[in-house]
Amino acid sequence: MVGPRVRFAPSPTGYFHVGSARSALFNWFVARQSPDGFFILRIEDTDADRNREEWVDGIVSAMTWLGLDLDAGPFRQSDNFPAHVAATEALLAHGYLYYCDCTGDQVTERKGENKTPGYDGFCRDRGLARSERTALRFATPREGLTVVPDLIRGQVEFQNALIDDFVVAKSSGVVLYALANVTDDRNDRITHVIRGEEHLPNAPKQMLLWSALNDVSKQEVPLPLYAHLPLLVNEQRKKLSKRKDPVATESYRDEGYLPEAFVNYLALLGWSPRGDEEIVDRQLLIDQFRLEDVSHSPAFFDVKKLRSFNGEYIRRLSSEQFLEAVGPWVEPRDGQWQPTDRTPPWREEQFNRDLFVRVAPLVQERIALLGEAPGMVSFFFLDTPDFVEGDFDKSLRNDPVAQALLGVAIERFGEIEWRSDVLHETTVALGEAMGLNLRKAQAPIRCAVTGALIGPPLFESLEILGRDRTLTRLREALARCSA
RNA sequence: GGUCCCAUCGUCUAGUGGCCUAGGACAAUACCCUCUCAAGGUAUAGGCACGGGUUCGAAUCCCGUUGGGACUGCCA
């Protein structure tokens, strides 16, 4: 018994589409749930227009980030060109293919008059010879039914008569997707073709091609099983668009999503684990995943839920793991992966690792994205905090009582023991003396020291910041009020 | 237009003829906790597109309607 052999076959683009990521993931699940499962990455780069070296690297690194390890590859479809040509020649010799010199305009022109969809088979019996302007078309059977065995949708029927004679090789000789893909899948002995639903209309064509290839090669390679995954859509219920929707997996990584959270969320798009718990580990995903259980309807990629998952995953990290994970955002290092366009707001020499280690736990439970960490701790490292003007006006500039409180705080903070609990008590007392509850009393201090009214717990922060820097900031804030 | 796919809370889904006065998660709302913000806790609101069948019984099966989507390239 041979285990499932699956492949992820993206066409190279400048980024790794989240829909591709999900397809890759579901393929990987199928491969990993059998001891002898086999997962291949094949870059479908036959279209010369979109074929760049770095794009392949992008796909590989995104998959590595997601932890989708390969058993073979990455392979390039273009490397198999000789096999594709051999396939067309064999098919041509056995009458499965014919040359056509119709231009796109001519095909369109004849469309109205014909009941056949797409190309009308005009050249099928013209006996054209090869030339630099003839494409090769597949002579689709005029009758019969092709039934796609789809693990998700069941038996999907297509009338052969309604499938047009599609182009298999361009006049330039380049073999197109439909055939190249089938040729490679046969060579790789692929058992399950798992891909997006947009490929469902291709399936009958490819099955026809597969059978034809079996015939001409006298080699009976078993047809694969298909699984067409529901599309990922936007709030308009349209297929995720690269122009309007945030679809680049890399940008999610840059924002600080954890790969485990991303994988967990992706798995839930069109599928769900047993029971009421949605946050589950990778092994459980692998163990429980079944193509047969994948839903049939399109799924909206909900960044809000993804974000919530990510926050949960961040909170579940140990302190050490968290420190390791936020590293790239707070302390980027050469030779290590760094998020693009996300350098910390402080200069490298201003960063203090020991200090960060102390505040990290306070940050860990407050952020949903690793990329939010720098903004939350920048006041520790900047000489002057980055003031949110609205907060400053509200809590200090327009509030004489608050300014008075700051004045008293400067005195008292100079003489007490520098510990968060003492700072806490002192602030309570300070506030009481002026008729303010702690909620009110801490606000001006917080804003003076951190620059904003929201942030990590104040008294722990002050303890970590230190007495000198705290007092300096309180004085500067007071001065700033009259500036 | 043609072919094909799809249809449970706003969103992702559980549900495969009786366990459903439809469960969970995210989002929302309220309250509790609280030095801000989060986190956490509790609670509330919110759905089987519609119409016919089949059946003792339908969210679940069948048909139709409506609605949405994909494909329709010498792209993949």
Side-chain angles (χ1 to χ4, degrees), chain A residues 9-13 44-47 49-50 77 100 102-104 107 111-112 115-119 133-137 148 150 152-153 156-159 162-164 166-174 176-178 180-181 195-204 228 230-231 233 235-239 265 268-279 295-309 311-312 315 362-368 376 391 395 420 423-424 427-428 431 437-443 445-447 450 452-460:
Chain A
S11 66
T13 50
E44 308 238 322
D45 61 351
T46 52
D47 185 6
D49 289 353
R50 34 175 138 175
Q77 183 156 69
C100 166
C102 295
T103 64
V107 173
K111 247 186 195 167
K115 55 269 161 236
T116 338
Y119 179 71
R133 38 189 294 263
T134 52
L136 226 30
R137 288 184 182 271
V148 178
D150 191 295
I152 297 173
R153 282 152 223 282
V156 185
E157 300 183 356
F158 292 85
Q159 295 274 356
L162 297 173
I163 301 173
D164 74 339
F166 55 95
V167 173
V168 148
K170 302 212 263 187
S171 44
S172 66
V174 172
L176 260 15
Y177 167 74
N181 183 265
R195 63 216 325 187
E197 196 194 335
E198 69 267 28
H199 285 291
L200 189 47
N202 288 327
H228 290 96
L231 253 24
V233 298
E235 41 281 75
Q236 282 78 241
R237 299 256 117 206
K238 298 260 206 276
K239 187 163 78 159
Y265 178 70
L268 261 32
L269 257 20
W271 179 82
S272 65
R274 283 194 284 277
D276 283 342
E277 194 51 64
E278 291 190 321
I279 305 234
S295 88
H296 301 185
S297 34
F300 170 57
F301 187 84
D302 186 359
V303 182
K304 281 219 182 74
K305 184 159 180 174
L306 205 210
R307 184 188 159 84
S308 157
F309 269 40
E312 179 75 28
R315 273 173 255 123
L362 303 179
V363 173
Q364 183 177 355
E365 58 184 86
R366 285 178 171 70
I367 58 175
M376 196 163 282
D391 285 1
S395 65
S420 66
L423 283 157
H424 186 148
T427 305
V428 169
N437 59 22
L438 184 55
R439 180 188 178 84
K440 285 283 191 185
Q442 58 88 37
I445 299 172
R446 177 185 293 279
C447 190
T450 72
L453 286 172
I454 61 171
L458 182 61
F459 306 111
E460 284 88 335

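Labels below follow one simple rule: chain letters A, B, ... track the order of the sequence lines, proteins then strands, and each chain is numbered from 1.
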With both distances kept under 3.5 Å, what pairs with [N], Watson-Crick or G-U wobble?
N     : value
B:A43 : B:U29
B:C61 : B:G53
B:C35 : none
B:C4  : B:G69
B:A76 : none
B:U16 : none

Pick the [atom1] atom in [N] and in [M], then give their distance to the nearest Å.
N     : M     : atom1 : answer
B:A59 : B:G51 : P     : 13 Å
B:G40 : B:A25 : P     : 12 Å
B:A7  : B:C50 : P     : 15 Å
B:G10 : B:A28 : P     : 16 Å
B:G52 : B:A58 : C1'   : 14 Å
B:U42 : B:G47 : P     : 24 Å
B:C48 : B:U8  : C1'   : 4 Å
B:G18 : B:A45 : P     : 27 Å

Could you state the atom-to-atom distance from [atom1] of [X] to [atom2] of [N] in whole Å?
X        : N     : atom1 : atom2 : value
A:Glu277 : B:A25 : CD    : P     : 8 Å
A:Gln77  : B:C75 : CD    : P     : 13 Å
A:Trp271 : B:U13 : CH2   : P     : 12 Å
A:Leu438 : B:U36 : CG    : C1'   : 10 Å
A:Ile279 : B:A39 : CD1   : P     : 13 Å
A:Phe158 : B:G2  : CZ    : P     : 16 Å
A:Asp164 : B:C4  : CG    : C1'   : 14 Å
A:Asn202 : B:U72 : CG    : P     : 7 Å

Please tell me which of the listed nucleotides, [options], lies nearest to the side chain of [X]?
X        : options             : answer
A:Arg366 : B:C37, B:A76, B:U11 : B:C37
A:Val156 : B:C37, B:C12, B:C5  : B:C5
A:Leu162 : B:C75, B:A76, B:U3  : B:U3

Heavy atoms, side chains only, cut-off 4.5 Å: are [X] and [Y] in contact?
X        : Y        : answer
A:Pro457 : A:His424 : no
A:Val167 : A:Arg137 : yes
A:Arg237 : A:Phe300 : yes
A:Thr427 : A:Leu438 : yes

Practice task
Look at all strands and tell whether A:Gln364 reaches a base, only sugar-phosphate, or nothing, counting heavy atoms closer than 4.0 Å.
Solution key: nothing
Handout entry: Nearest heavy-atom neighbours spanning A:Ser295 and A:Pro230
Key =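 Answer, listing the atom of A:Ser295 first, then A:Pro230: O-CG, 3.2 Å.
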Problem - Residue pair A:Ala203 / A:His228: nearest heavy atoms and the distance that separates them - result: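 Where A:Ala203 meets A:His228 most closely, the heavy atoms are CB-CE1, 3.8 Å.
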May I ask you to evaluate whether [X] reaches the phosphate of [N], defined as a side-chain N or O under 4.0 Å from OP1 or OP2?
X        : N     : answer
A:Arg439 : B:U36 : yes
A:Ser295 : B:C12 : no
A:Arg315 : B:G40 : yes
A:Ser171 : B:C74 : no
A:Lys238 : B:A70 : no
A:Arg153 : B:A70 : no
A:Thr427 : B:C35 : no

Practice task
With sequence neighbours left out, write down each residue that passes side chain to side chain contact (heavy atoms under 4.5 Å, CB included) with A:Ile279, or none if nothing qualifies.
Solution key: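 A:Ile279 satisfies side chain to side chain contact (heavy atoms under 4.5 Å, CB included) with A:Asn264, A:Glu277, A:Phe309, A:Glu312, A:Tyr313, A:Arg316 only.
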Exercise for the section: For A:Arg439, check side-chain hydrogen bond (donor to acceptor under 3.5 Å, both in side chains) against everything at least two apart and list the hits. Expected result: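 In terms of side-chain hydrogen bond (donor to acceptor under 3.5 Å, both in side chains), with neighbours along the sequence ignored, A:Arg439 is linked to no residue.
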Listed pairs, N/O of protein and of nucleotides 27-33 of chain B, under 3.5 Å:
none

Exercise for the section: Identify, between A:His424 and A:Glu278, the residue whose nearest nucleotide on RNA chain B lies closer to the 5' end. Expected result: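 Of the two residues, A:Glu278 wins.
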Fill in the blank from the handout: By nearest-heavy-atom nucleotide on RNA chain B, the more 5' of A:His296 and A:Arg137 is A:His296
Handout entry: Any N/O donor-acceptor pair, A:Arg307 side-chain to B:C26 base, under 3.5 Å
Key =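 Absent.
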Handout entry: Donor-acceptor pair present, A:Glu365 side chain and B:C37 base, under 3.5 Å
Key =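 Not at all, since no donor on one side and acceptor on the other fall under 3.5 Å apart.
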Handout entry: Aromatic ring pairing A:Tyr265/A:Phe301, orientation class (parallel under 30°, perpendicular over 60°, tilted between)
Key =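 Ring orientation, 0 to 90° scale: perpendicular.
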